[in-house]
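Protein chains get the first letters and strands the later ones, always in sequence-line order, with residue 1 at the start of each.
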Amino acid sequence: MKASTFHLFTTRETPAEAEIASHQLMLRSGMIRKLTSGIYTWTPMGLRVLRKVEAIVRDELDKAGYLEMLMPAVQPAELWEETGRWEKFGAQLLKIQDRAGRHYCFGPTHEEVMTDFVRNEIRSYKQLPITFYQIQTKFRDEIRPRFGVMRAREFLMKDAYSFHIDHASLDETYWEMYQVYSRIFTRTGLKFRSVEADSGAIGGNQSHEFHVLADSGEDSIAFSDQSDYASNVELAAIAAPTGELAAATEELRTVDTPDAHSIDELVSGYGVAIDKTVKTLIVHAAEGSAAEFVALLVRGDRVLNEIKAERLEQVATPLTFASDEEIHNAVGASPGSLGPVGLTLPVIADQEVALMSDFATGANSDNQHYFGVNWLRDVELPEIADIRNAVEGDNSPDGKGKLQLARGIEVGHIFQLGTAYSESMNAVVLGEDGKSHVMHMGCYGIGVSRIVAAAIEQNHDDRGISWPEPIAPFQLALLPMNAKKSHRVREAADQLYADLLEAGVEVLYDDRNLRPGVMFNDIELIGIPHRVVIGERGLDSGVLEYRQRNNTENGELPLEGAVAAILEKLL
RNA sequence: CGGGGUGUAGCUCAGCCUGGUAGAGCACCACGUUCGGGACGUGGGGGUCGUGAGUUCGAAUCUCGCCACCCCGACCA
């Protein structure tokens, strides 16, 4: 490809709207342009990368025997009403009407359409298992689109759905897909990690996320330093801390704390160590409980894990925090002054809290706290549970090692859906026993456009993008120096370009007749992995200059037999 | 959805407070010089100042409405 006709839409300045590196670099390198909030045009350069990722995904899925198809982006409301998701999906569902006033949505996902197709076409267990996939533009009306294509409203996604006669078959395909995903992400050349994930409200019993590791990632993942355990931090269980309840060394005392309405104020205003504070959160109790509310205790510097809390049988689903007014009515104090001592509500303490001694907590009376609180002596030890987010250094739940935290960008998610959709949509097949069986389903997503952004987050420097070779828009950039004046350079470059094309190399030939600095900067910004420079100096001594994008040293290649030498350098 | 901010040339921004002929740098076009790490000179094209009302002799500038975009928050005791 010649740069003169391919058009590079690079810019020197960073658009003000871009915050993170990948967004800035995608704009500056001319890969994308914003049309409106969360909606982007892919330029020829950007599209090349997107297609590279897509090709890897498609190739591995095809090899695994899964079947590509293409479903409509626009879907009728009736299908979504069958599963109840027309209402449940929420504001992210883009609803549209045709001229007759009929209701549709722009598909954010395709469980309904897929299940509808399969229930109409698949009749017998003999046709199972079967897995279909598509690579298609999705639309989710994100609450807050940001970071360019990383969290866009319109995005390219690979979604796959598998159908099975029973759970055992689903489980088999699920783990097969897990392996396929591992191969896909390995092939992209990105550092990634698969983690146990929340199977969430959809139900099902298995779910894994695949994360590209990057410091700027929106998700936090926890993994053991001594085993294979890895999990979304939201889900990461924490093994109970070892140790005994320490003996009390302080007297229980009531302290007037008119300035302390939060843990931070308690710590900064009254000299309490934050790991000697306990915060008390009041949530709604499960329906049918004796009490209306439940108190949850976590250490002052910890964060309640809502997924874990919601799983407690005493706690209402979905987790609902009591309002200030409800707290006042139930306890007689403001939210900032709550504590377990003298509390008449059921109390559940985080396992770490249960081992604390001499701690500070609200006195259930406004403007007062108890200091020097000790379990057993001052208040009965409550029920204990794991209800907080994991932090670095917690015990790994598999009993091996400590947890470490890393940031990740979720680029893949696999799910055992079970019969959630097939049941509500009556997707059944005849089994070997001659009876109807509700099909078991799995669904498997990959954020194709997000992978592009994630790859940049993981692979860039102050000069621009540095693509992993498998997804680079071009393998090689060919830069002639002063070709305008030097016929020798021009001819040598033209010839090498033709030879490289002949050899099947994806080469970007910068024939724009620009000053060298401009070409170098553009090519480095775009992030092409290999670069060959042809100049008068080299021609005199029969060499080409060669450099890799992630290197700052120049090397040389012989002009004679240059193509073969270049091919050696390519992946 | 709540809070904050910004809309002026393709991009980054100044001008607005204190109303009076719309600016800079980059980018773009022409010519010349230059040519191994974002050159220079000369000349030039390009903006109904987001939009609608209002105030005023006069509005980019003041007032109000609307729209768009960006940021923060929606784990708080």
Side-chain angles (χ1 to χ4, degrees), chain A residues 8-20 23-24 27-28 30 33-39 90-91 141-148 220 233-234 257 260-267 277-283 293 295-310 319-324 326-328 330-331 333-340 343 360-364 366 369 387-389 463-464 479-486 489 510 512-525 531 533-539 544-545 547 552 554:
Chain A
L8 309 181
F9 303 107
T10 54
T11 64
R12 194 183 303 204
E13 291 188 88
T14 303
E17 71 198 44
E19 280 238 309
I20 60 169
H23 189 191
Q24 292 175 350
L27 288 167
R28 284 194 54 210
R33 286 293 182 257
K34 185 175 75 175
L35 179 62
T36 185
S37 183
I39 300 181
D141 199 355
E142 289 286 340
I143 293 172
R144 192 174 154 212
R146 58 184 134 175
F147 305 148
S220 198
V233 79
E234 298 230 302
T257 51
H261 306 288
S262 69
I263 293 290
D264 283 346
E265 288 169 358
L266 190 63
V267 168
T277 62
V278 167
K279 69 181 170 190
T280 305
L281 301 96
I282 309 292
V283 300
F293 301 106
L296 304 176
L297 307 183
V298 294
R299 209 171 83 179
D301 54 343
R302 304 307 196 197
V303 174
L304 179 73
N305 182 305
E306 299 195 9
I307 293 170
K308 293 178 183 176
E310 199 172 291
L319 186 79
T320 313
F321 284 96
S323 68
D324 288 7
E326 287 169 334
I327 292 173
H328 248 284
V331 184
S334 300
S337 305
L338 304 178
L343 197 62
T361 185
N364 300 320
D366 279 358
H369 277 77
I387 55 171
R388 68 171 169 86
N389 278 351
R463 293 173 301 159
L479 309 187
M481 294 295 104
N482 199 15
K484 199 175 183 179
K485 282 282 172 60
S486 169
V489 169
D510 198 341
R512 296 178 297 172
N513 284 325
L514 295 172
R515 300 172 69 80
V518 178
M519 288 194 286
F520 289 140
N521 281 312
D522 268 357
I523 294 304
E524 283 167 352
L525 174 62
R531 179 181 94 186
V533 173
I534 299 185
E536 288 274 358
R537 291 194 317 229
L539 290 181
L544 301 169
E545 179 185 306
R547 191 194 281 199
T552 50
N554 284 334

message = Can you identify which nucleotide, out of B/rG37, B/rC69, B/rC13, has its nearest atom closest to the A/A16 side chain?
response = B/rC13
ask   = Taking N and O atoms by type only, does the side chain of A/E13 place a donor or acceptor under 3.5 Å from a partner on the base of B/rG25?
value = yes
message = Less than 3.5 Å apart, any donor N or O on the side chain of A/T361 or A/H369 sitting next to an acceptor on the other?
response = no
ask   = Taking any strand in view, what nucleotide pairs with B/rC26 in a Watson-Crick or G-U wobble way, both distances under 3.5 Å?
value = B/rG10
key: Closest to the A/I327 side chain, choosing from B/rA77, B/rU34, B/rG37   = B/rA77
inquiry  = Heavy atoms from C-beta onward define the side chain here; which of B/rA77, B/rG38, B/rC75 lies closest to that of A/E306?
reply    = B/rC75
remark   = With the side chain defined as heavy atoms from C-beta on, A/D522 is closest, among B/rC71, B/rC35, B/rG38, to B/rG38
key: Heavy-atom donor-acceptor pair, A/R512 side-chain to B/rG38 base, under 3.5 Å   = no
inquiry  = Both A/K484 and A/A322 contact RNA chain B. Which one's nearest nucleotide lies toward the 5' end?
reply    = A/K484
ask   = Rounding to the closest angstrom, what is the interatomic distance between B/rG5 and B/rG41 at atom P?
value = 41 Å
task = For the side chain of A/N482, starting at C-beta, report the closest nucleotide among B/rC35, B/rG37, B/rG38.
result = B/rC35
ask   = Any side-chain N or O of A/R12 less than 4.0 Å from the OP1 or OP2 oxygen of B/rG38?
value = no
request  = Take A/E536 and A/L304, find for each the nucleotide of RNA chain B with the closest heavy atom, and name the residue whose nucleotide sits nearer the 5' end.
outcome  = A/E536
Contact under 4.0 Å: A/K279 side-chain N or O vs B/rC75 OP1/OP2 = no
query = Checking A/R388 side chain against A/N305 main chain: does a donor-acceptor pair fall under 3.5 Å?
reply = no
message = Please report the distance separating the C1' of B/rG65 from the corresponding atom of B/rG46, rounded so that it comes out in whole Å.
response = 32 Å
ask   = Considering every strand shown, what is the Watson-Crick or G-U wobble mate of B/rU33 when both distances are under 3.5 Å?
value = B/rA39
message = Check this one for me: any side-chain N or O of A/T36 less than 4.0 Å away from OP1 or OP2 of B/rC69?
response = yes
request  = Could you work out the separation of B/rA24 and B/rG38 based on their P atoms and round it to a whole Å?
outcome  = 26 Å
query = Hey, does the side chain of A/N364 reach the backbone of A/G339 with a donor-acceptor pair shorter than 3.5 angstrom?
reply = yes
